[in-house]
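To start, the structure under review is shown below, and the notes come after it.
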Amino acid sequence: MAIQRTLSIIKPDAVAKNVIGDIIRRFEENGLSVIAARMLHLSAEEAGRFYAVHKERPFYKDLCAYMSSGPILAMVLEGQNAVALNRQLMGATNPKEAEAGTIRADHAESIEANSVHGSDSVENAATEVAFFFGDIELHSRR
Ligand code: ADP
Ligand code: MG
């Protein structure tokens, strides 16, 4: 297993619920380190650029509105197998299908307002990290 980096976003619903600390605790307790973090409030246009891969999906416009509805916390997580481990801690996209004890099972409101984003591959992680952070903003613990 390799040390990897992945992009995590605490989405507007979870920031509004004041569970940032609970979510970061889960990452740290499972061996992931936060090596960059920034709170920001995206415009709908910026959210649309981040989620451009979904632009043909029926939920795209609503997703952009939701992701720009309030502040988010963008983070880079680093650790062994970080991409898959983050996805495992997040749980399934639809909280009704998310395994008990996952972030989405415990906090998500709906399939849209599902508390967290996580990169789905090492390649996409690199692109997504670069969307929010420059090299000198990444503080590796290795
Ligand atoms: P994930 O975030 O688990 O990688 P996707 O990449 O498929 O899921 O979708 C990106 C985001 O779009 C989801 O996290 C969720 O906020 C939203 N979304 C996905 N599917 C739907 C849907 N069927 N209806 C509304 N929103 C959705
Ligand atoms: Mg995805």
Side-chain angles (χ1 to χ4, degrees), residues 1-135 137-141:
M1 266 195 316
I3 298 273
Q4 297 172 343
R5 291 174 179 178
T6 191
L7 186 82
S8 168
I9 300 176
I10 302 183
K11 294 182 175 182
D13 62 292
V15 172
K17 279 176 72 180
N18 211 29
V19 293
I20 289 173
D22 177 73
I23 292 171
I24 293 178
R25 175 187 60 76
R26 294 167 190 241
F27 295 146
E28 292 184 338
E29 285 183 355
N30 286 279
L32 295 171
S33 300
V34 177
I35 65 159
R38 180 193 296 140
M39 185 170 277
L40 64 171
H41 189 154
L42 297 176
S43 67
E45 188 272 332
E46 289 163 340
R49 274 196 283 131
F50 180 74
Y51 275 123
V53 293
H54 294 309
K55 66 171 176 288
E56 306 306 331
R57 309 281 284 276
F59 56 80
Y60 177 69
K61 200 159 174 264
D62 281 352
L63 175 62
C64 296
Y66 155 64
M67 283 301 286
S68 58
S69 66
I72 61 169
L73 188 73
M75 292 177 282
V76 181
L77 306 177
E78 182 184 74
Q80 292 281 353
N81 206 22
V83 172
L85 176 56
N86 180 38
R87 296 290 306 193
Q88 189 186 319
L89 298 173
M90 288 163 61
T93 308
N94 184 347
K96 290 185 184 137
E97 291 164 10
E99 207 175 306
T102 60
I103 295 166
R104 283 167 164 170
D106 290 346
H107 293 308
E109 308 278 335
S110 67
I111 192 168
E112 177 182 82
N114 59 5
S115 302
V116 278
H117 168 83
S119 307
D120 62 7
S121 67
V122 171
E123 190 188 13
N124 287 341
T127 308
E128 292 181 357
V129 166
F131 185 89
F132 288 104
F133 299 100
D135 277 358
E137 296 173 301
L138 303 176
H139 306 284
S140 178
R141 308 289 169 68

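Whatever order the structure lists them in is the order used to number ligands and atoms, beginning at 1. Numbering of residues begins at 1 and proceeds along the displayed sequence. Nothing here was measured: the structure is a model prediction, and the numbers come from that model.
- Using modelled atom types, no side-chain atom of R5 and backbone atom of I35 make a donor-acceptor pair closer than 3.5 Å.
- Atom CD of E123 sits in a sparse spot, with 12 or fewer heavy atoms from other residues, nucleotides or ligands closer than 6.0 Å.
- Note that OG of S8 is 10.5 Å distant from CZ of F132, once rounded to the nearest 0.5 Å.
- Scanning the protein for heavy atoms near atom 22 (C) of ligand 1, the closest one is F59 CD2, 3.5 Å.
- From the protein, the heavy atom lying nearest to atom 16 (O) of ligand 1 is E112 O, 2.7 Å.
- Taking atom 15 (C) of ligand 1 as the reference point, the nearest protein heavy-atom neighbour is I111 O, 3.2 Å.
- Nearest to atom 4 (O) of ligand 1 among the protein's heavy atoms is R87 NH1, 2.8 Å.
- Considering only non-hydrogen protein atoms, atom 17 (C) of ligand 1 sits nearest to L63 CD1, 3.8 Å.
- Of the listed options K11, H54, M67, H54 places a heavy atom closest to atom 6 (O) of ligand 1.
- Contact detail for E78 and S140: the closest heavy-atom pair is OE2-OG, 2.8 Å.
- Between F59 and H54, the ring planes are tilted. Angles from 30° to 60° get that label.
- Taking only nitrogen or oxygen atoms, main chain and side chain alike, Y51 does not reach within less than 3.5 Å of ligand 1.
- Taking a 6.0 Å sphere around CD of E137, one finds it holds more than 12 heavy atoms contributed by other residues, nucleotides or ligands.
- Protein heavy atom closest to atom 8 (O) of ligand 1, with residue, atom name and distance, is T93 OG1, 3.3 Å.
- In this structure, D120 has no heavy atom closer than 4.0 Å to ligand 1.
- In this structure, the side chain of K11 does not engage the main chain of N114 through any donor-acceptor pair within 3.5 Å.
- Under 4.0 angstrom from ligand 1, the non-hydrogen atoms of N114 all belong to its side chain.
- Summary of contacts: the protein heavy atom closest to atom 2 (O) of ligand 1 is R104 NH2, 3.0 Å.
- A salt bridge links D22 with R26: at least one charged nitrogen is closer than 4.0 Å to a carboxylate oxygen.
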